[in-house]
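This structure is in structure tokens; I'll ask about it shortly.
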Amino acid sequence: VIPEALRRRMLAGLVAFVEGRLQRRLPNTNQDLVARRLNAMATLVRYQAFVANMLDVIPRQTQNWRTAMLIDWLMVLERAPSVPQREARIKQASQLLRSRMTYQGARIVFNQEHDDDAWWLMGNGDVDAAKLLLAVRQLPDWQADMPRLLTGLLARQQQGRWQTTVANVWGSLALAQFSKLFE
């Protein structure tokens with residue numbers, strides 16, 4: 001359990017990062033900065049520390065984003081009712097994600113998975129599959145897909161585990177949430 005004072009400082013740090021007041025010079029692309037900001041926003045929205053004007057720092061060319069970025073974007077939209085044109089944006093993000101998904105047997109695969117493998121952001125296809133299940137679990141348009149998403153996520157395991165520790169954590173969270181909703 002994180003002490004409340006520390007939690008508030010950590011959230012304040014994320015807010016400062018999203019707003020551009022806290023900067024870290026890294027040799028990366030602009031898309032990595034957007035990805036990190038979207039990830040921070042997805043965390044802030046879980047703790048009710050997100051405000052819609054934070055989106056002003058995010059470019060809107062969502063079709064060019066990595067899959068992980070789209071999933072974080074969908075997580076923000078799902079939990080932030082104050083975002084302008086929220087329903088249309090959820091629909092657009094869902095369509096983009098669906099267009100990137102395929103199945104190889106039971107295994108879910110993303111079309112751009114090889115290009116999306118961002119180890120420096122602790123992301124890969126396993127993480128994306130788990131976070132996708134978490135992001136869409138309560139969206140009405142995705143309910144019919146939930147069993148296949150779960151099967152696709154589980155089929156990504158090798159010898160009973162996903163590829164990375166981060167993927168194992170996200171996968172465990174996705175399984176727990178699926179169980180709460182559907183079992």
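For the single chain, residues carry numbers from 1 onward in sequence order.
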### Message
Can you pull out every salt bridge (Lys or Arg N to Asp or Glu O under 4.0 Å) where at least one residue sits in residues 12-22? Sequence neighbours excluded, please.
### Response
Glu19-Arg21
### Message
Please determine whether the number of non-hydrogen atoms from other residues, nucleotides or ligands lying under 6.0 Å from atom CE of Met122 exceeds 12.
### Response
no
#### Entry: Contacts of Glu113 that satisfy salt bridge (charged side-chain N to carboxylate O under 4.0 Å, His left out) - sequence neighbours left out
Arg156
### Message
Going by ring-ring contact (aromatic ring centres under 6.0 Å, His included), name the residues that satisfy it together with Trp162, two or more places apart in sequence or in a different chain.
### Response
none
### Query
Is the count of non-hydrogen atoms from other residues, nucleotides or ligands lying under 6.0 Å from Tyr47 atom OH greater than 12?
no
### Query
What are the two closest heavy atoms between Ala135 and Met75, and how far apart are they?
CB-CG, 3.6 Å
## Note on the structure
Applying side-chain hydrogen bond (donor to acceptor under 3.5 Å, both in side chains) to Arg100 and not counting sequence neighbours gives Thr67, Gln112
### Task
Determine the minimum heavy-atom distance between Ala49 and Val15, stating which atoms define it.
O-CG2, 4.0 Å
### Query
Should side-chain heavy atoms under 4.5 Å link Ile, Leu, Val, Met, Phe, Trp and Tyr, which residues sit in the same cluster as Ile2?
Leu6, Met10
### Message
Would you say that Leu175 contacts Leu150 through its side chain, given a criterion of any heavy-atom pair below 4.5 Å between the two side chains?
### Response
yes
### Query
Once you round to the nearest 0.5 Å, how far does CE of Met146 lie from CD of Gln138?
9.0 Å
### Message
If I compare all heavy atoms of Leu97 with all of Leu74, which pair ends up nearest, and what's the gap?
### Response
CD1-CD2, 3.8 Å
### Message
To check you understand the geometry: which heavy-atom pair defines the closest contact between Ile58 and Arg37, and what is its length?
### Response
CD1-CB, 4.0 Å
### Task
Sequence neighbours left out, what passes side-chain hydrogen bond (donor to acceptor under 3.5 Å, both in side chains) with Thr43? Give chain and number order.
none
### Task
Dump the intermediate steps for salt bridge (charged side-chain N to carboxylate O under 4.0 Å, His left out) on Glu87 and Lys91, then the final yes or no.
CA-CA 6 Å; Glu87 293 303 321; Lys91 186 175 182 177; over 6 Å; no
### Query
Can you name the residues that form a salt bridge (charged side-chain N to carboxylate O under 4.0 Å, His left out) with Arg98, not counting sequence neighbours?
Asp145
### Task
Please name all residues satisfying side-chain hydrogen bond (donor to acceptor under 3.5 Å, both in side chains) with Gln143, sequence neighbours left out, ordered by chain then number.
none
### Query
What distance separates Phe182 CZ from Gln177 CD, expressed to the nearest 0.5 Å?
10.5 Å
### Query
Within the side chain of Arg79, is there an N or O that forms a donor-acceptor pair under 3.5 Å with the backbone of Leu77?
no
### Task
Would you give the length of the straight line joining atom CG of Asn111 to atom CE of Met101, rounded to the nearest 0.5 angstrom?
10.0 Å
### Task
Please answer whether the main-chain N or O of Gln163 pairs with a side-chain N or O of Asp126 as donor and acceptor at a distance below 3.5 Å.
yes
### Query
Do Arg7 and Val1 pass the side chain to side chain contact (heavy atoms under 4.5 Å, CB included) test, and can you show the C-alpha distance, the side-chain angles, and the key distance before you say yes or no?
CA-CA 10 Å; Arg7 186 178 118 170; Val1 177; over 6 Å; no
### Members besides Val109 in its Ile/Leu/Val/Met/Phe/Trp/Tyr cluster (side-chain heavy atoms under 4.5 Å)
none
#### Entry: side-chain contact (heavy atoms from CB on, under 4.5 Å) against Gln158, all qualifying residues, sequence neighbours excluded
none
## Note on the structure
So CD of Gln92 and CH2 of Trp73: to nearest 0.5 Å the spacing works out to 8.5 Å
### Task
Return the set of residues passing salt bridge (charged side-chain N to carboxylate O under 4.0 Å, His left out) with Arg46 (not counting sequence neighbours), or none when no residue passes.
none
### Task
Under the side-chain hydrogen bond (donor to acceptor under 3.5 Å, both in side chains) rule, collect the residues that match up with Asn39, sequence neighbours excluded.
Asp72
### Summary
Paired with Leu132, the side-chain contact (heavy atoms from CB on, under 4.5 Å) test is passed by just one of Val127, Leu70, Ile71, Leu153, namely Ile71
